[in-house]
**Student:** 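This structure is in structure tokens; I'll ask about it shortly.
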Amino acid sequence: TSNNVLLKVEGIDVSYGDFQALRKVKLEVKEGTVVSVIGANGAGKSTLFQAISGLQKPSEGKISFMNNDITGCLAHEIVAQGISMVPEGGRVFPGLSVLENLIIGSYTKDARKKKTKLLRRTYDLFPILLEKANQLAGNLSGGQRQMLAIGRALMSDPKLILFDEVSLGLAPLVVKDIYKQIEAINQEGTTFVLVEQDVRRSLRASEMSYVMLAGEIVLSGKSSELSEESVRKAYFGI
Ligand code: ATP
């Protein structure tokens, strides 16, 4: 892993009408690493991902990616720069086939050109997706849907993947498998920001962790140096 900062979020505020969902949120993601964002329901994790992805506009602060200011860029421009999201709950298009869902992921100009190669890589990582290529995504199990959502994110050839709620609602064995795949994809050079509610797992899977509470980062540090105890306290605001 290099020491280059890939993503930098500097003091962003995001509001929904009168309600402020993010306050002065600051974080840094180094190239090649896995970073986790931990927090209870409503802490603001999804809002943070939406702000980075261009789906919410910060009223204050700055977001840069590879030293480019991307604050206020549109969602498709951000995907084209190399940031892709795996949405909460492995959301896919249930009425489309697995293959169609994957192809949708490579809609940017650069990714379209590499579509065949990207598809092969995705099938190598998730053979089940090749096996079920022509089946409706709506017929997949929860774990397979999550794999399809990851596959679709990979199809845009991202440098950074924002992964919302990695393990939510999935069986423990499936979760283990997903984390293995994350590790493999990371080792090939893709950087990850993971949102996770399982404190132990997120500390184990990442190099840096940020804990959010009520729209603010209340604790951050190297995952190996943070105790589960201190993270849990921060998580609950104790
Ligand atoms: P979860 O795990 O439940 O998704 P989260 O940490 O991702 O939680 P967010 O979804 O970012 O939290 O929500 C942060 C706060 O913003 C919550 O209080 C939520 O009720 C509020 N919020 C989220 N989306 C909207 C919206 N579209 N309009 C109004 N308030 C919203």
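These numbers come from the heavy atoms of this one structure, side chains and all, not from hydrogens, waters or symmetry mates.
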**Student:** Using side-chain hydrogen bond (donor to acceptor under 3.5 Å, both in side chains) as the criterion, list what pairs up with N101, not counting sequence neighbours.
**Tutor:**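 side-chain hydrogen bond (donor to acceptor under 3.5 Å, both in side chains) list for N101, sorted by chain: empty.
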**Student:** Counting only N and O atoms by type, is there a donor-acceptor contact under 3.5 Å from the side chain of T190 to the main-chain atoms of N186?
**Tutor:**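 Checking the backbone N and O of N186 against the side chain of T190, no donor-acceptor pair under 3.5 Å is found.
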**Student:** Is the backbone N or O of E100 less than 3.5 Å from a side-chain atom of S97, with the two atoms forming a donor-acceptor pair by type?
**Tutor:**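 Yes: the side chain of S97 pairs with the backbone of E100.
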**Student:** For the residue pair S46 / D164, report whether a side-chain donor-acceptor contact shorter than 3.5 Å exists.
**Tutor:**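 A pair is found: one side chain offers a donor N or O, the other an acceptor, under 3.5 Å apart.
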**Student:** Rounded at 0.5 Å granularity, tell me how far CZ in R204 sits from CZ in R201.
**Tutor:**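 Here the interatomic distance stands at 6.5 Å.
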**Student:** May I have the step-by-step check of side-chain contact (heavy atoms from CB on, under 4.5 Å) for L162 and S53, ending in yes or no?
**Tutor:** CA-CA 9 Å; L162 308 175; S53 309; 3.6 Å; yes
**Student:** Would you check if the side chain of S227 reaches a backbone N or O of S230 as a donor-acceptor pair within less than 3.5 Å?
**Tutor:**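 Judged by distance alone, yes, a pair lies under 3.5 Å.
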**Student:** Could you see if L140 belongs to whatever hydrophobic cluster contains L136? Use Ile, Leu, Val, Met, Phe, Trp, Tyr and a side-chain cutoff under 4.5 Å.
**Tutor:**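 No, no single cluster joins them.
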**Student:** Applying side-chain contact (heavy atoms from CB on, under 4.5 Å), name anything that partners S206, two or more places apart in sequence or on another chain.
**Tutor:**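 In terms of side-chain contact (heavy atoms from CB on, under 4.5 Å), with neighbours along the sequence ignored, S206 is linked to V34, S36, S209, S223.
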**Student:** Go through it in stages, so that I can follow the logic: the residues are D157 and K114, the test is salt bridge (charged side-chain N to carboxylate O under 4.0 Å, His left out), and I'd like the CA-CA distance, side-chain angles, deciding distance and then a yes or no.
**Tutor:** CA-CA 8 Å; D157 201 17; K114 299 186 218 162; 2.5 Å; yes
**Student:** Within a strict 4.5 Å, meaning less than it, do heavy atoms of the I185 and F192 side chains meet?
**Tutor:**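 Contact flag for I185/F192 side chains = yes.
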**Student:** Counting only N and O atoms by type, is there a donor-acceptor contact under 3.5 Å from the side chain of E216 to the main-chain atoms of V218?
**Tutor:**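 Looks like no, no N/O pair under 3.5 Å.
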**Student:** Name all residues meeting the side-chain hydrogen bond (donor to acceptor under 3.5 Å, both in side chains) criterion together with T191; count only those two or more places apart in sequence or in a different chain, and write none if there are none.
**Tutor:**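 Result, side-chain hydrogen bond (donor to acceptor under 3.5 Å, both in side chains) vs T191: none returned.
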**Student:** State the CG-OG1 distance between L7 and T33, to the nearest 0.5 angstrom.
**Tutor:**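 Atom-to-atom, L7:CG and T33:OG1 are 10.0 Å apart.
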**Student:** Show, in sequence, the C-alpha distance, side-chain angles and deciding distance for Y123 and L102, and conclude whether the side-chain contact (heavy atoms from CB on, under 4.5 Å) test is met.
**Tutor:** CA-CA 10 Å; Y123 285 153; L102 290 173; 3.8 Å; yes
**Student:** Same cluster or not: are L203 and F236 linked, directly or through other Ile, Leu, Val, Met, Phe, Trp or Tyr residues, by side-chain heavy atoms under 4.5 angstrom apart?
**Tutor:**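 Yes, same cluster.
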**Student:** Can you tell me how far CZ of R23 sits from CD1 of I217, rounded to the nearest 0.5 angstrom?
**Tutor:**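 Output value for this atom pair is 13.5 Å.
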**Student:** Is the closest side-chain heavy-atom distance between V5 and E31 below 4.5 Å?
**Tutor:**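 No. Closest side-chain heavy atoms not under 4.5 Å.
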**Student:** I'd like to know if the side chain of N68 reaches the main chain of I70, judged simply by a donor and an acceptor atom lying under 3.5 Å from each other, with no hydrogens or angles considered.
**Tutor:**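 Looks like no, no N/O pair under 3.5 Å.
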**Student:** Under 6.0 Å from the CD atom of E183, do we count more than 12 heavy atoms belonging to anything else shown?
**Tutor:**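 Not more than 12 within 6.0 Å, no.
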**Student:** Counting only N and O atoms by type, is there a donor-acceptor contact under 3.5 Å from the side chain of Y235 to the main-chain atoms of V199?
**Tutor:**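 Not a single qualifying donor-acceptor pair exists.
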**Student:** Does A40 offer a backbone N or O that forms a donor-acceptor pair with the side chain of K45 under 3.5 Å?
**Tutor:**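 Side chain of K45 to backbone of A40: a pair is present.
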**Student:** Establish whether L154 and V166 are linked, either directly or via other cluster members, by ILVMFWY side-chain heavy-atom contacts under 4.5 Å.
**Tutor:**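 In one cluster: yes.
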**Student:** Would you please name every residue forming a side-chain hydrogen bond (donor to acceptor under 3.5 Å, both in side chains) with R232, sequence neighbours left out?
**Tutor:**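 R232 satisfies side-chain hydrogen bond (donor to acceptor under 3.5 Å, both in side chains) with E228 once adjacent residues are dropped.
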**Student:** Between the side chain of E10 and the main-chain N/O of I63, is any donor-acceptor distance below 3.5 Å?
**Tutor:**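 Here the side-chain-to-backbone pair does not exist.
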**Student:** What I'd like to find out is whether the side chain of I12 reaches to under 4.5 Å of the side chain of L48, using heavy atoms alone.
**Tutor:**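 Side chain of I12 against side chain of L48, heavy atoms only: contact under 4.5 Å found.
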**Student:** Is the count of non-hydrogen atoms from other residues, nucleotides or ligands lying under 6.0 Å from K24 atom NZ greater than 12?
**Tutor:**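 Yes, enclosed.
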**Student:** Which residues pass the side-chain hydrogen bond (donor to acceptor under 3.5 Å, both in side chains) test with T71, not counting sequence neighbours?
**Tutor:**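 T71: side-chain hydrogen bond (donor to acceptor under 3.5 Å, both in side chains) contacts with D69.
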**Student:** Quick one: CD on E165 to CG on L194, what's the gap to the nearest 0.5 Å?
**Tutor:**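 Atom-to-atom, E165:CD and L194:CG are 11.0 Å apart.
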**Student:** Drop me the distance from L99's CG to L96's CG, to the nearest 0.5 angstrom.
**Tutor:**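 Rounded to the nearest 0.5 Å, the CG-CG separation comes to 10.5 Å.
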**Student:** Evaluate the side-chain proximity of Q144 to L129: yes if any heavy-atom separation is below 4.5 Å, no if none is.
**Tutor:**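 No. Closest side-chain heavy atoms not under 4.5 Å.
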**Student:** Answer whether the closest heavy-atom distance between the side chains of I83 and K159 falls below 4.5 Å.
**Tutor:**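 Side-chain contact under 4.5 Å: no.
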**Student:** Consider only side-chain heavy atoms of I, L, V, M, F, W and Y, link residues closer than 4.5 Å, and tell whether M85 and V195 are in one cluster.
**Tutor:**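 In one cluster: yes.
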**Student:** Kindly give the heavy-atom pair with the smallest separation between A137 and V92, and that separation in Å.
**Tutor:**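 Here A137 and V92 meet closest at CB-CG2, 3.9 Å.
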**Student:** In sequence, state the C-alpha distance, the side-chain angles, and the governing distance for R121 and E188, and then conclude on salt bridge (charged side-chain N to carboxylate O under 4.0 Å, His left out).
**Tutor:** CA-CA 11 Å; R121 176 178 178 227; E188 290 175 7; 2.9 Å; yes
**Student:** Under 3.5 Å, sequence neighbours excluded: what are the donor-acceptor pairs made by side chains of residues 174-182?
**Tutor:**
from, atom 1, to, atom 2, distance (Å)
Y179, OH, E196, OE1, 2.4
Q181, NE2, L125, O, 3.4

**Student:** Taking the side chain from R152 and the backbone from G105, do they hold a donor-acceptor pair closer than 3.5 Å?
**Tutor:**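 Pair absent, no side-chain N/O of R152 close to backbone of G105.
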**Student:** Given side chains that start at C-beta, do those of E207 and K222 come closer than 4.5 Å, heavy atoms only?
**Tutor:**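 Side-chain contact under 4.5 Å: no.
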**Student:** Specify the closest pair of heavy atoms between V86 and A149, including all atoms of both residues, with the distance to one decimal.
**Tutor:**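 Looks like CG1-CB, 3.7 Å.
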**Student:** Out of curiosity, I78 CD1 to S84 OG, how far, rounded to the nearest 0.5 Å?
**Tutor:**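 Spacing of CD1 (I78) from OG (S84) equals 11.5 Å.
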**Student:** State, with a plain yes or no, whether a side-chain heavy atom of F126 is found less than 4.5 Å away from one of L148.
**Tutor:**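 No, too far: nothing below the 4.5 Å cut-off.
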**Student:** Is any side-chain heavy atom of L22 closer than 4.5 Å to a side-chain heavy atom of M212?
**Tutor:**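 They are in contact (side-chain heavy atoms under 4.5 Å apart), so the answer is yes.
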**Student:** Is there a path from L119 to I161 through hydrophobic residues (I, L, V, M, F, W, Y) whose side chains come within less than 4.5 Å of each other?
**Tutor:**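 Yes, L119 and I161 fall within the same hydrophobic cluster.
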